[in-house]
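Only one structure is covered here, and it is reproduced in the block below.
Note that ligands are numbered from 1 as they come in the structure, with each ligand's atoms numbered from 1 the same way.
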Amino acid sequence: MASLAFDRVGKTYPDGTVAVSNVSFTIENGEFVVLVGPSGCGKSTLLRMAAGLEMLNSGRLIMDDRDVSHVEPQDRDIAMIFQNYALYPHMTVYENMAFGLQQRKMPKAEIERLVREAAEMLDLTRYLQRKPGALSGGQRQRVAMGRAIVRHPLAFLMDEPLSNLDAKLRVQMRGELKLLNERLGVTTLYVTHDQVEAMTMGDRVAVLKPVSDATESNLQQIDTPQ
Ligand code: ADP
Ligand code: ADP
């Protein structure tokens with residue numbers, strides 16, 4: 001767990017598009033911040049910069065007291081969860097959850113312990129030997145969460161993780177995600193289009209607006225929902 005601070009962060013793509021301008025805010029340790037704003041205002045870009053998948057052009061990204069702006073994604077201890085779960089279809093649930101840990105050459109017994117712990121937490125223990133094709137949408141989403149949790153990351157970044165689910169499941173998963181965040185106490189930045197999600201899930205809601213000029217901040221406000 002760590003605080004995550006955007007300090008005057010800016011991003012201009014090589015074609016000249018200014019996607020993010022002068023954005024500063026801090027997500028406190030264990031806090032759940034929801035990021036909203038119209039399409040094209042830089043939400044995904046901000047998330048991808050936090051993950052290290054896109055480099056900043058200006059400003060800094062600070063985790064606790066460490067400047068991680070130039071740290072490679074795999075060394076940031078940040079887990080990203082997308083809407084298209086990106087599970088490996090030919091692997092079992094167990095193998096999907098273990099994969100990232102195996103890449104890190106972690107001992108087998110330790111991997112098994114972490115996978116079983118996450119599966120227990122997500123109610124997936126019964127499905128560990130199934131392949132993703134034999135799971136429901138909600139179960140697949142939980143496997144995607146499990147892959148992030150096993151690493152015990154310092155922060156979660158979620159880009160509309162529930163937008164592919166039907167309305168009923170979305171409501172259920174909102175509650176589950178929130179509970180999980182509270183149990184694990186993981187600092188979270190959560191992007192959504194859904195107003196209800198923003199109001200019900202966010203400890204605070206950050207609102208971005210489209211970039212108008214490259215010096216003014218395109219962070220409109222960050223507040224506790226009413
Ligand atoms: P949001 O997630 O809020 O919809 P994005 O971060 O995807 O916004 O995009 C912000 C702006 O940056 C948009 O104008 C978009 O067209 C532009 N953009 C996104 N990715 C690229 C890219 N790889 N190259 C050039 N422009 C991009
Ligand atoms: P350059 O000046 O060559 O464009 P950057 O300033 O973008 O490099 O990157 C600075 C550091 O970040 C380098 O150590 C580089 O290896 C690393 N880096 C660059 N792009 C990425 C990326 N997409 N993901 C992770 N690390 C990156």
Q) Taking only residues two or more places apart in sequence, or in another chain, which ones meet Lys209 in a side chain to side chain donor-acceptor pair (under 3.5 Å)? A) Glu216

Q | Where at least one partner belongs to residues 119-162, residue pairs that pass ring pair (Phe, Tyr, Trp, His ring centres under 6.0 Å), sequence neighbours excluded | A | none

Q: Heavy-atom cut-off of under 4.0 Å around ligand 1: list whichever protein residues fall inside it, by chain and number.
A: Tyr13, Asp15, Thr17, Ala19, Pro38, Ser39, Gly40, Cys41, Gly42, Lys43, Ser44, Thr45

(Q) Strictly by ring pair (Phe, Tyr, Trp, His ring centres under 6.0 Å), give each pair with a member in residues 177-198 just once, sequence neighbours left out. (A) Phe32-Tyr190

(Q) I'd like to know if Lys43 and Glu160 make a salt bridge, using a cut-off of under 4.0 Å between side-chain N and carboxylate O. (A) no

Q: Rounded to the nearest 0.5 Å, what's the gap from CG on Leu101 to CE on Met106? Could you check?
A: 5.0 Å

Q) Are Thr188 and Asn181 close enough that a side-chain donor and a side-chain acceptor fall under 3.5 Å? A) yes

